[in-house]
**Q** 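Mind looking over this structure? Questions follow.
Below, chain A is the first sequence line, B the second, and so on; all start at residue 1.
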There are 4 protein chains.
Amino acid sequence: MSKLKTERKRLFEQITRKAIQEAVVNLVTRTGTRKVTMDQVAAEAGLSKGCLYIHFRSKKELLESVKTDRFKPLGDQLQEILNGSLTPNQKIESIVYRLFSYFDENRGLFRFLLEEREIAQSQVIRQKNSRYRNFVERIANVLDDGIASGLFRHMDSKKVASIFIEAMIAMTARRLLEEPPGPLDEDARLLIQVLFRGIALMHDLQ
Amino acid sequence: MSKLKTERKRLFEQITRKAIQEAVVNLVTRTGTRKVTMDQVAAEAGLSKGCLYIHFRSKKELLESVKTDRFKPLGDQLQEILNGSLTPNQKIESIVYRLFSYFDENRGLFRFLLEEREIAQSQVIRQKNSRYRNFVERIANVLDDGIASGLFRHMDSKKVASIFIEAMIAMTARRLLEEPPGPLDEDARLLIQVLFRGIALMHDLQ
Amino acid sequence: MSKLKTERKRLFEQITRKAIQEAVVNLVTRTGTRKVTMDQVAAEAGLSKGCLYIHFRSKKELLESVKTDRFKPLGDQLQEILNGSLTPNQKIESIVYRLFSYFDENRGLFRFLLEEREIAQSQVIRQKNSRYRNFVERIANVLDDGIASGLFRHMDSKKVASIFIEAMIAMTARRLLEEPPGPLDEDARLLIQVLFRGIALMHDLQ
Amino acid sequence: MSKLKTERKRLFEQITRKAIQEAVVNLVTRTGTRKVTMDQVAAEAGLSKGCLYIHFRSKKELLESVKTDRFKPLGDQLQEILNGSLTPNQKIESIVYRLFSYFDENRGLFRFLLEEREIAQSQVIRQKNSRYRNFVERIANVLDDGIASGLFRHMDSKKVASIFIEAMIAMTARRLLEEPPGPLDEDARLLIQVLFRGIALMHDLQ
DNA sequence: AATGAATGAGGTTTCATTCAT
DNA sequence: CATGAATGAAACCTCATTCAT
């Protein structure tokens, strides 16, 4: 009995949390990260300002929670791919498809990704920004595997990982400017081709 | 006489403007675009707050002017390359070298580049952000030239231009995390290789 | 039957009230009157916030009730002394002992006493603060008795009553800074000596 | 020239600071420490809220500055007495006179004194409250001198110092309840008599 | 042209109190 | 009777901008 009640309450709590996070995502989608104020979040969520502070200790924590919670599914999916038994180039391919389709379905989250990335550059808070750095690291590992197994050329894997990730983001950004986004398949294939084979027709360039 | 006086005044004006812009760049370098206040700019420039508003109509205009003025040299250099008579792949190469060396010498400006880029994504202000879009356009033209002359494969040139630009930025970001930045030559060559030839060793992948 | 039920209910009510008041006292002891919030009271009492408002109309009423209820035993004891048949100086002595030992056993309440006293000074709420004023009045009466019976010198009894009371409080404050408080006897005797005989050795001072 | 200008500016600064502090004192006098909000201070001072923060970093600093600045004259005068060449009992007497006349002229500050005192009791912030503790210490020294020179009885000088100080405050509080305060001379003499000779007529009490 | 105190709108956060369950 | 999420008034503080000197 008591357990049931507690369970229901927890559910309610989760619903409101989600609603608030949803409001944040909507606002960011419409107006960018910069202009998100607690007033606006409250209005968007149809709640009072004070209520936000019941569910989140501060604005910072709220924004952080949005990123953490909303990127988790994507993170998990990518992790699954990375942990899987595909070949390195299959892994790279899968990641591109996965990422594109995720942001097709979660357009609002893309802004946060850019945010993440910018902060990633800061000398000071570099430490904390583990999500982005972590991802770079993991991609680099895949590249290293590929190099070891003779699939990829020798190269500084971390730098190429960065290139790869930013290339994906660039493509996603372009996709989201189109309404609706163009065929996922085409864009994914384009990116993969460029990444694996480059843009040059003849390969005696250098 | 009067002309001379006017001339001198204009010179003074220019000096103060530069000093203020310099202050902004220093601050952004240290703390990021987000946290720059007019108070801080005034303090950094050794001027009063009111004085800033004599030389710039608003904070927004000031920041805009910093971007416009400080990126102009780079823009001009890139333009020169683009207008020149090099082959498309030589142009791409030159641009990479030029960009890397520019930010090696103007570290503080990199933050602004990231800023630019983020705004670029915004649906609302897309119109105004001509600088970034313009650059994409011009790179796309080069790629089209390359495709026409049989150097590059057929592809959506705008999308690849985006990929290229973001790849450069990614590399620059990594370079600036190192202190001092690694050898320019090496990084440039890496990026160019990846761009032109891809990362795969065997090209029968797809 | 119905009576019994009502009786039991009243008992429950009393228990909860006490628990809430207890929580307030604990909090005030730890952090001072200023920072007590209804949230904290609820948490400390192991109850919900809403529940507090079933038992007390408002925060103000709650705090007031704590003072009223918790100081009542002391008030009664002092009253008993005052109404008793001791000589005026014995009464004064007894009061000192009583007060010291009360706060030794109820350290948490001392903060409230200070609170009371401060409010006592306020021109606006002077009316309401009958507890403190009442006490001054009663002590003054004892002094007047002492004067009438030739035990004490002629003096403005109300002013001296104030002096006496504040001197007791000062001593209590000092006692509570020590952990554990020094010997009650010693401190009480010191205060009484100063009060009755003054600090001077020779009495031809003035 | 420039010096003159700077001088004038500093003067202006001082005037505004004083005005703000004055506003605080007025508010505290009228409504107590509790209800002082920055809004009210601004209104009372006839300034905007933002302006307060030009002159004081925070509310806490403002209140602290009021205490520090406004009690300094009194502190200096008492210090002068304490450092002087009077006998211990003359020092005690002078202090009483000085304190009474100070608060007769600065009624508004008395509330702050009570504030100080309350905080003084807190176990946690005891360290910081140097003003009150310091005063106790200095009075204790005078008492020790008096004991050494055979003027005063042997006693715990710190405890008696506390008693003495609180007795003075009690008397001041009573004085300020009267409008206008009764004759200073009379009250001072009363306190001194009680302190030096006690209230008892016959001294064979204990 | 330069100053910097002053402004005021707007931001984040707190907390006593209410009310549907 | 008990709960605790929700409310909303108000508190503290920031900062782009103005203006008298």
**Q** Want to settle it: does D:Cys51 or C:Leu52 sit nearer the 5' end of DNA chain F, counting the closest nucleotide to each?
**A** C:Leu52
**Q** For DNA chain E, what string of dots and brackets results from 5' to 3' when Watson-Crick and G-U pairs need both distances under 3.5 Å, crossing pairs get [ ], and pairs with another strand get |?
**A** .||||||||||||||||||||
**Q** So which heavy atom on A:Ala19 is nearest to which on A:Ala45, and how close?
**A**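 Distance-wise, the nearest heavy atoms are O-CB, 4.3 Å.
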**Q** Atom CG of C:Asp39 to atom P of F:dT7: distance rounded to whole Å?
**A** 16 Å
**Q** Kindly give the heavy-atom pair with the smallest separation between D:Val36 and D:Gly32, and that separation in Å.
**A** CG2-O, 3.7 Å
**Q** Could you state the atom-to-atom distance from CD1 of C:Ile20 to C1' of F:dC1 in whole Å?
**A** 12 Å
**Q** Under the 3.5 angstrom rule, does the side chain of C:Gln40 hit a backbone N or O of C:Thr37 as a donor-acceptor pair?
**A**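 A pair under 3.5 Å: yes.
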**Q** OP1 or OP2 of F:dA2 sitting under 4.0 Å from any side-chain N/O of C:His55?
**A** yes
**Q** Closer to the 5' end of DNA chain F via nearest nucleotide, is it C:Gly50 or D:Val36?
**A**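 So the residue in question is C:Gly50.
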**Q** Both C:Thr37 and B:Gly46 contact DNA chain E. Which one's nearest nucleotide lies toward the 5' end?
**A**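 Taking each residue's closest nucleotide, the earlier one in sequence belongs to B:Gly46.
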**Q** B:Leu62 CG to F:dT17 P: how many Å, rounded?
**A** 10 Å
**Q** Going by modelled atom types, is there a donor-acceptor pair between the base of E:dT13 and the side chain of A:Lys59 at under 3.5 Å?
**A**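 Answer is no: no donor-acceptor pair is held.
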**Q** What is the distance from NZ of B:Lys60 to C1' of F:dA16, rounded to the nearest Å?
**A** 14 Å
**Q** Do B:Lys49 and F:dT17 share a donor-acceptor pair, side chain to base, under 3.5 Å?
**A**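 Answer yes: a donor N or O sits under 3.5 Å from an acceptor.
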**Q** To the nearest angstrom, how far is C:Phe12 atom CZ from F:dC1 atom P?
**A** 11 Å
**Q** Does D:Gln40 reach a base, just sugar-phosphate, or nothing at all? Heavy atoms under 4.0 Å.
**A**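 Counting heavy atoms under 4.0 Å across all strands, no contact is made by D:Gln40.
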**Q** Among E:dT3, F:dA5, E:dT13, which nucleotide sits nearest the side chain of A:Ile54?
**A** F:dA5
**Q** From the set E:dT13, F:dT17, F:dA6, return the single nucleotide nearest to any side-chain atom of B:Ser58.
**A** F:dT17
**Q** Determine: side-chain N/O of B:Ser48 to OP1/OP2 of E:dG4, distance under 4.0 Å, yes or no.
**A** no
**Q** Return the nearest nucleotide to the side chain of A:Tyr53; candidates are E:dA6, E:dT13, E:dC15.
**A**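 Nearest nucleotide to the side chain: E:dT13.
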**Q** Atom CE of C:Met38 to atom P of E:dT18: distance rounded to whole Å?
**A**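 The answer, rounded to whole Å, is 10 Å.
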**Q** Would you say a side-chain N or O of A:Thr16 is under 4.0 Å from OP1 or OP2 of F:dA6?
**A** yes
**Q** Decide yes or no for A:Leu62 and A:Met38: does some side-chain heavy atom of the first lie under 4.5 Å from some side-chain heavy atom of the second?
**A** yes
**Q** May I have the distance from D:Leu63 (atom CG) to F:dC12 (atom C1'), rounded to whole angstrom?
**A** 12 Å
**Q** Does B:Arg17 use its side chain to pair, donor to acceptor, with the backbone of B:His55 at less than 3.5 Å?
**A**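 Judged by distance alone, yes, a pair lies under 3.5 Å.
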**Q** I need the minimum non-hydrogen distance between A:Thr29 and A:Arg111, along with the two atoms involved.
**A**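 Looks like O-NH2, 4.3 Å.
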**Q** May I have the distance from C:Arg34 (atom CZ) to E:dT14 (atom P), rounded to whole angstrom?
**A**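 To the nearest whole Å, that distance equals 19 Å.
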**Q** Between A:Thr68 and A:Glu64, is there a side-chain heavy-atom distance shorter than 4.5 Å?
**A**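 Yes, close enough: below the 4.5 Å cut-off.
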**Q** Hey, is B:Glu22 close enough to B:Arg70 for a salt bridge, meaning N to O under 4.0 Å?
**A** yes
